[in-house]
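Since the structure comes first, as structure tokens, the remarks are kept for the end.
Note that the structure is predicted; figures quoted are calculated from it, not measured.
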Amino acid sequence: MRRSMWKKSLAAILGLSMVFVSACGQSRESSAGETKAQAVQTAAAQASETKGEAEKEVAQSQSQYPEQVTEPITIEFWHTRGSGANGDNMTAMIEEFNASNGLGITVEGVYQGSYAETLSKITAAVGAGDNPAVAIVASGGIEALADAGVLADMMPYMERDGFDLDNIPEGLQYYMTWEEGKALVVPYLVSSPILYYNKALWPEAPGTIQELYAGAKKIYAEKGVPGWGLIMDVGYLQRPVIITLGANGLLTADGLTADGLENGEMRTYLTDWQNGVKEGYIVPPEVTDASNAMQQLFYQGQVGMFGATSGNLKNVMKLSAENNVDLGIGTYVGYDGPCASIGGGSLAILESNNSQQEKAAAWEFIKFLYSDENIVRLHSETGYLPMTYSAAESQECQEFWGQYPGFKTAFDQLSFGKYNEWSVYGAEWKAKVLEAMQYVIVTQEMTPDEAVEFLKTQVSVVFP
């Protein structure tokens, strides 16, 4: 943004220089009867007039592009936030915007299911010509939509309205820019995995995964309750732990091939996980609806701790209280201490099949959601993280963290959390890794060594 503004400033300076060069040329060509002072005055007046016209033209240009909303308009917003605290917050935000925007904009929110389901529906709708104006897009879908030219560039709106990109933590800007100088999404439903634990079983949160396994084993031996329940979400929950073993992640840094297979990282992780399942102190995950299934075991006292998104913190707090579970919140951990991933959904304006007025209306809605007040409200009512410094530093947020420190635990993980690498092969490779993990943990038809060898055979299938 700063580079873009500098270019504008430079252009303005060069324009004014040309004006004064032109004015000086005219004074040198003054008639013999015109005094030097008169020539200078004339040149200055002409320069001032020219400068005024130039400034007026720039002002008009800035006010006209990108377009402002000029008449009542209705747009659709496709999102991923259904029932519970998340759905309630989303519904309230839409209703408040519609009642207060003063531009005649009506946003019709349409719940589309999971991130994957929403992405699939967006892709189909773009082809059919009936996609929404604005939508929540998961990190894994941004690259595909950007490459297809589906996403609108929000940078002109940001520059016109003084939207401060530096207010967004650098770690959250990873998925924002696909092409230099363009902003194709803004982070919105930002989350990081955290540990949810029952204080009656766990007196405190573990500091490493080794401590987690040892504690889970002790709880099982003494209480007969598995101490740890792990959900399968390879990019979000498993990848950050594998990184602490020395791998870059599931993929190499350039996203062009697999990582973690040759040096034993995947084998170590799967071996430790399988041993815990076989010995009983780790609950094997469900294949379908794994997160909800694990949470039900937790509320029933049948598992001592699980790892899941911070974006569901408010719901977990509510249900834990209803089931008399004394809930503790801990930092997500790997083999050498804290680790975490950064994930979630971003807000995108869709370029395809939308008019300038529809895109302008979508931007107004995004600005509304990005006010400090609404960011803090999103955070406190759900568990999704503040996505701007000003919101996190606000008095409201600081007071909220003082009362509920677990929410700050999740936010603090942004300092070391990691995004998935950009890769057109990412989704397919994660599906292969998930398949291998299921063979080891769920059906137990493969050993960890066999699973790693299986993945090695799949590298040539997925990657060119």
Side-chain angles (χ1 to χ4, degrees), residues 191-245 265-310 312-313 316-317 319-320 323 325-341 406 409-410 413 433-434 437-438 440-444 448 451:
S191 66
S192 189
I194 52 178
L195 300 178
Y196 296 90
Y197 63 94
N198 186 335
K199 291 181 180 180
L201 298 172
W202 285 91
E204 60 183 6
T208 66
I209 204 167
Q210 292 95 324
E211 293 178 3
L212 188 156
Y213 288 152
K217 192 172 185 177
K218 181 180 179 181
I219 290 170
Y220 183 65
E222 295 178 353
K223 306 287 187 180
V225 176
W228 174 233
L230 189 57
I231 301 162
M232 283 186 180
D233 189 336
V234 296
Y236 189 65
L237 296 175
Q238 278 74 61
R239 176 180 174 269
V241 180
I242 292 172
I243 289 175
T244 65
L245 286 166
E265 298 94 343
M266 183 70 72
R267 181 180 292 105
T268 296
Y269 184 74
L270 290 176
T271 300
D272 290 346
W273 192 0
Q274 187 186 62
N275 287 341
V277 170
K278 286 183 175 180
E279 293 180 32
Y281 60 84
I282 296 179
V283 175
E286 297 283 341
V287 177
T288 59
D289 203 21
S291 181
N292 286 333
M294 191 64 70
Q295 287 180 47
Q296 290 306 313
L297 292 177
F298 180 75
Y299 303 137
Q300 295 163 12
Q302 297 181 38
V303 65
M305 177 165 52
F306 68 97
T309 174
S310 62
N312 203 33
L313 177 50
V316 176
M317 288 175 60
L319 292 170
S320 293
N323 288 278
V325 173
D326 189 6
L327 178 67
I329 303 298
T331 301
Y332 203 67
V333 293
Y335 281 87
D336 60 356
C339 72
S341 54
T409 297
Q413 293 186 166
V433 175
L434 177 61
M437 288 182 171
Q438 290 174 337
V440 174
I441 306 302
V442 181
T443 66
Q444 297 189 21

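- For the pair Gln238 (side chain) and Leu434 (backbone), a donor-acceptor distance under 3.5 Å is absent.
- Side chains of Tyr236 and Ser191: a donor-acceptor N/O pair is present below 3.5 angstrom, by distance only.
- Ser310 has its side chain out of reach of Gln413: every pair of non-hydrogen atoms, C-beta onward, lies at least 4.5 Å apart.
- Closest of all the heavy-atom pairs between Met294 and Pro285 is CE-CA, 4.3 Å.
- Within the 3.5 Å criterion, the main-chain N or O of Trp228 finds no donor-acceptor partner in the side chain of Tyr197.
- Side-chain contact between Pro240 and Tyr332: present, with at least one pair of heavy atoms (C-beta onward) separated by less than 4.5 Å.
- Annotation: side chain of Met266 is in contact with side chain of Leu270 (closest heavy-atom distance under 4.5 Å).
- Side chains of Arg239 and Asp233 form no contact here, defined as non-hydrogen atoms less than 4.5 Å apart.
- In this structure, the salt bridge (Lys or Arg N to Asp or Glu O under 4.0 Å) partners of Glu279, at least two apart in sequence or on a different chain, are Lys217.
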message: Working note: Val316 + Leu327, criterion side chain to side chain contact (heavy atoms under 4.5 Å, CB included); need CA distance, chi angles, decisive distance, verdict.
response: CA-CA 9 Å; Val316 176; Leu327 178 67; 4.1 Å; yes
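- Annotation: Gln210, atom CD; neighbour count of heavy atoms from other residues, nucleotides and ligands within 6.0 Å is above 12.
- Counting heavy atoms from C-beta on, the side chains of Thr244 and Cys339 come closer than 4.5 Å.
- Every residue two or more places apart in sequence or in another chain that forms a ring pair (Phe, Tyr, Trp, His ring centres under 6.0 Å) with Trp273 is listed here: Tyr269.
- Residue Thr409 comes nearest to Gly330 through the heavy atom pair CG2-C, 4.0 Å, listed as atom of the first residue, atom of the second, then distance.
- Interatomic distance, CD of Gln302 versus CG of Asn198, reported as 12.0 Å (0.5 Å rounding).
- Distance CE/Met317 to CD1/Ile329: 7.5 Å, rounded to 0.5 Å.
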task: Show the numbers, then the answer: is there a side chain to side chain contact (heavy atoms under 4.5 Å, CB included) between Gln295 and Phe306?
output: CA-CA 8 Å; Gln295 287 180 47; Phe306 68 97; 3.6 Å; yes
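- Counting heavy atoms from C-beta outward, Ser341 and Pro193 have side chains that approach closer than 4.5 Å.
- A pairwise comparison of heavy atoms in Val241 and Gly334 identifies CG1-CA, 4.2 Å as the closest pair.
- Taking all atoms of both residues into account, the shortest heavy-atom contact from Val303 to Val283 is CG2-CG2, 3.8 Å.
- Among all heavy-atom pairs drawn from Gly304 and Phe298, the shortest one is O-CE1, 3.5 Å.
- Of all heavy-atom pairs between Thr208 and Tyr335, the closest is CB-O, 4.4 Å.
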- prompt: Run the side chain to side chain contact (heavy atoms under 4.5 Å, CB included) check on Met232 and Leu237 step by step: do they pass?
  reply: CA-CA 7 Å; Met232 283 186 180; Leu237 296 175; over 6 Å; no
message: I'd like to know whether Thr443 forms a side chain to side chain contact (heavy atoms under 4.5 Å, CB included) with Gln438, so could you lay out the CA-CA distance, the side-chain angles of the two residues, the decisive distance to 0.1 Å, and finally the verdict.
response: CA-CA 6 Å; Thr443 66; Gln438 290 174 337; 5.7 Å; no
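- Within the 4.5 Å cutoff, the side chain of Tyr213 has heavy atoms near those of the Ile282 side chain.
- When side chains are defined from C-beta on, Lys278 counts as touching Gln444, because their heavy atoms get closer than 4.5 Å.
- Rounding to the nearest 0.5 Å gives a distance of 10.0 Å between CD1 of Ile242 and OG1 of Thr268.
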